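Notes follow once the structure below has been shown.
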Amino acid sequence: MHIIFGYELDSASFPDALGQEMACQGTAVLGPHGLLGVVETSLGLSGMQVPQAVRIGQYLKRLREFDDGGRFYSRSMQADAWSVAKQLLTWRDELVIAGWQRGVPKGASPRLRDLTAVEQLHHLELAPGIGDRLNNAIGTLNSTRKLDIQLIQLIEPRLSLPQSWGRLFNALLQCDVRVEEVEKTVFDFADHDISDLNILRRALQGEKPDPGSIRVDGSMTILRGADKYEVSEALASWLEVRDLSKVLIIRGNGSFVLNDALHAHNLPGLGSESRSRWRTALQVLPLILSNHWEPFDPQRLLEILTLPKSPIPRWAARYFEKSLRDHPGIGGPKWKEAWESVVANYQAKASGKEDAALPKGSVEAFQENLSFWLGERRYDPKQGMPTAVIRDICTKVANWASTRGGLENDELLITSAALANAAGDSVAASGLDKVTLPQLNRILDSVMGEGLENPVDFPQAAPWSQVETPGQVWGSADTVVWWNFTSSGVDQRRIPWTLAEREALCSVGVNLEDTRQARLREAGYWRKPVAAAAKQLVLVIPESISGEVAVPHPFWDEIRYLLKLNEAEIQKLSFNAQELWKNHTTKVIDSLINRNSVPEVSIAAPYREWSIPPVCILPREGESASSLFKLIQCPLSWVFQYIAKLYPGDLLALPGVSQILGTLSHFIIETMVSESSKWNPDEAERRALQLYDEYVPKIAAVLDHPGRELEKLRHRQQVGQAVKRLFSLIEAANLQIVGYEVKKERSFIEGKVLEGRIDLILASSEGESIVLDLKWAKKARYKGEELREGKALQLATYGWLLEGEEGRFPAGGYYMLAQGELLVSSCPLFPDPNVIHDVNLEDVWQRSLNAYRHRLKQLQNGLALAEGIEDFAESESPTEKQEIAEVEDSLELGARCEWCAFLNLCGARG
Ligand code: SF4
């Protein structure tokens, strides 16, 4: 076997193993990890590699075992044990790779002595890291071992490598492996070449350039732009007109912005480092775990229920989703209803009454499984969750992800299964009985922090060559493009050991690599692209990245210094990507790029008058107060909602606090009315407070969250007062409750039905009724105004529904719970301050009916008006004006576009 080795060649290389060949056998280009793998395989040492997070857990167990409260890490462990274990394991691994044999001289610092003692705890497992593997391989190699490696060619000097790897080469030499240095990237320049690039090469070799020798001949260019978008467009435009087979691109982590620009110019994408911890497949485990903590968070469960791929079957998730949107809590009446529906549905499916795929197993097993995923058992974050439970959750998530991933050929899901197992193993390896919330988050961070690659974000087949880092270049290309030539990604090295500690370590054979040595090696890599570019070097520098100022690469300082470049020369060497947008034809670096303007298209003005096929809209089978309201307010929104059946996406939104409090108050009053129709105000308050305490976790769980204690207390008082005041008003008016949440319907127009659910019906001893609607509106003002202006269509509708039974039109009113305020239409049942005498609901109803008929006629004539859109052509809409004039005494309701779900659809947003 023939190996070409470079310290940076683990992930990419230019040229690759094939070089110029169509195919070759027995040649591999490898970096340190690849070489170690080959040696281990030859020696029969390869085995399963343990995830680093599991090693951290194992090391944590060792640290805890040795911790008697007096160790150098003891106090830090109390604050954040996982992070301490992670950091100390990194130090330990660095020492091992540098040759540490687990010993320190007498007089070594306490932390070195403590680490040594921890190393002696052999009875506690610690899976090998790369240093252990390297030492093991070196220890096993000897002159009697024959390896299937004949030749290793080093593309960089052996002495420049860290000593640990130098030791491996020494051992390989003893096994008759030929090791030779073939540094291909020596500066190769012709004396007569006076290009800017060659002047730079000579300068890097130590020659001093003559002042003014830079000619700006295009052999060395800086492509600048305000951001990645600008430079990507300029680079893609330039690449489009070149012979790409002779181009080498150093892409770093790549960029999706650059990929998009390349695609827009019909060029293949470079791929990009697309690791993200936010991929959906990775969200399942953290979400399921977080749903097992107290207090219950309805938003978290909603996220689980609405995951694109959730362990909870979609059909069942819908019931719980609806329950959460109605009553954001767990264990309340809606939650129980959801469970009943799900179980009934499951039984129906299981007994084959439905066509859908049948869930397998018994009802009990199904319920138990579902209950697990819904997280109905919770743990206190401070006390911690038992390790066994966490492991169980991780295993279940892993099993689900691997099964579903396998069935759907979903790579991300399969990988996430492995990570879930690793998380479970890490927790178990730590030896902890319980894991607190912050500890668990740290563990998940270690396991999943790096995230997963996007499987579709890979480099596409391209005529050019590409590498990730300059250290991977060891051949020559006509043009070398260094993308994102900035300091982002340049490593900040720091050694944690003091000078005395390093000397102590050195005395026992630990040769930690000098920072300077590492820096020099890295600086050597930066020079490689200059050496490799036969004709042209392009350095691409965006001035900002993600809104942050980007600093040019440190190698730029060296170039400027060596060439003694002044600002004027730098300007001449630079091409500003903005120039591309200034003219039809622009010279980009060395090529003329033509750009054509696209004609401007103005956005269409929103329509006020929408045409619909005449007579296609008939009165619906049933109407309600809200559908009447909508039709009168804005016919177009009514058509969207009730005819086209459009509805806004639910997204992940739960109701706001106001809405939740309204629901909770309704539920409390409903429960109280079901217990007794007559309440003494003080008793009513007491009972309301009891019910509040009992049902907040079941209906309004969000109020139970840490940090909302004061808010919860304030709302408790408000609800108690609201109920007390309501029953005081009823008592003072000497009225009886005759109905709560009563559903009524009445035959309407052309045999259609009008229906409504009335919150509260009260009656006097003389049999006179009044309907009340209970609102938890922060701004009671709107409801008051609506009633005063004779626009309370909802109350008028309820009144008309009741009139059918009682033979006379009852009054109606709003009771504003949050304010404890009552406002009613003209009636003798309540004292004057509560009554608006000039509003008669029967009149309101008559005007509503006129308006309804008019709107319906308009629709049947083929016109759906968007009432919220200004009538720019007022004089040109005589039809509408005339028709409106014809309708006498009709209710007018202004469109409330700010609350309308179709704002973007009709164009009213502008
Ligand atoms: S946004 Fe306004 S105009 Fe548009 S449909 Fe809704 S209410 Fe009508």
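Note that ligands are numbered from 1 as they come in the structure, with each ligand's atoms numbered from 1 the same way. Remember, predicted model here, so these are calculated numbers, not experimental data.
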Assess whether a salt bridge exists between Glu898 and Arg896, defined as any Lys/Arg side-chain N lying under 4.0 Å from an Asp/Glu carboxylate O. yes

Is the shortest distance from a Lys or Arg side-chain nitrogen in Lys744 or Glu755 to a carboxylate oxygen in the other one below 4.0 Å? no

With a 4.0 Å cut-off, would you call Glu806 and Arg808 a salt bridge? no

Atom pair CG (Leu691) and CE (Met672), whose distance is rounded to the nearest 0.5 Å: 7.0 Å

Hey, are Arg725 and Glu821 close enough for a salt bridge, meaning a charged N less than 4.0 Å from a carboxylate O? no

Just checking, any donor-acceptor pair under 3.5 angstrom between side chains of Asn345 and Tyr319? yes

Excluding water, the protein N, O or S atoms sitting under 2.8 Å from atom 6 (Fe) of ligand 1 are Cys900 SG

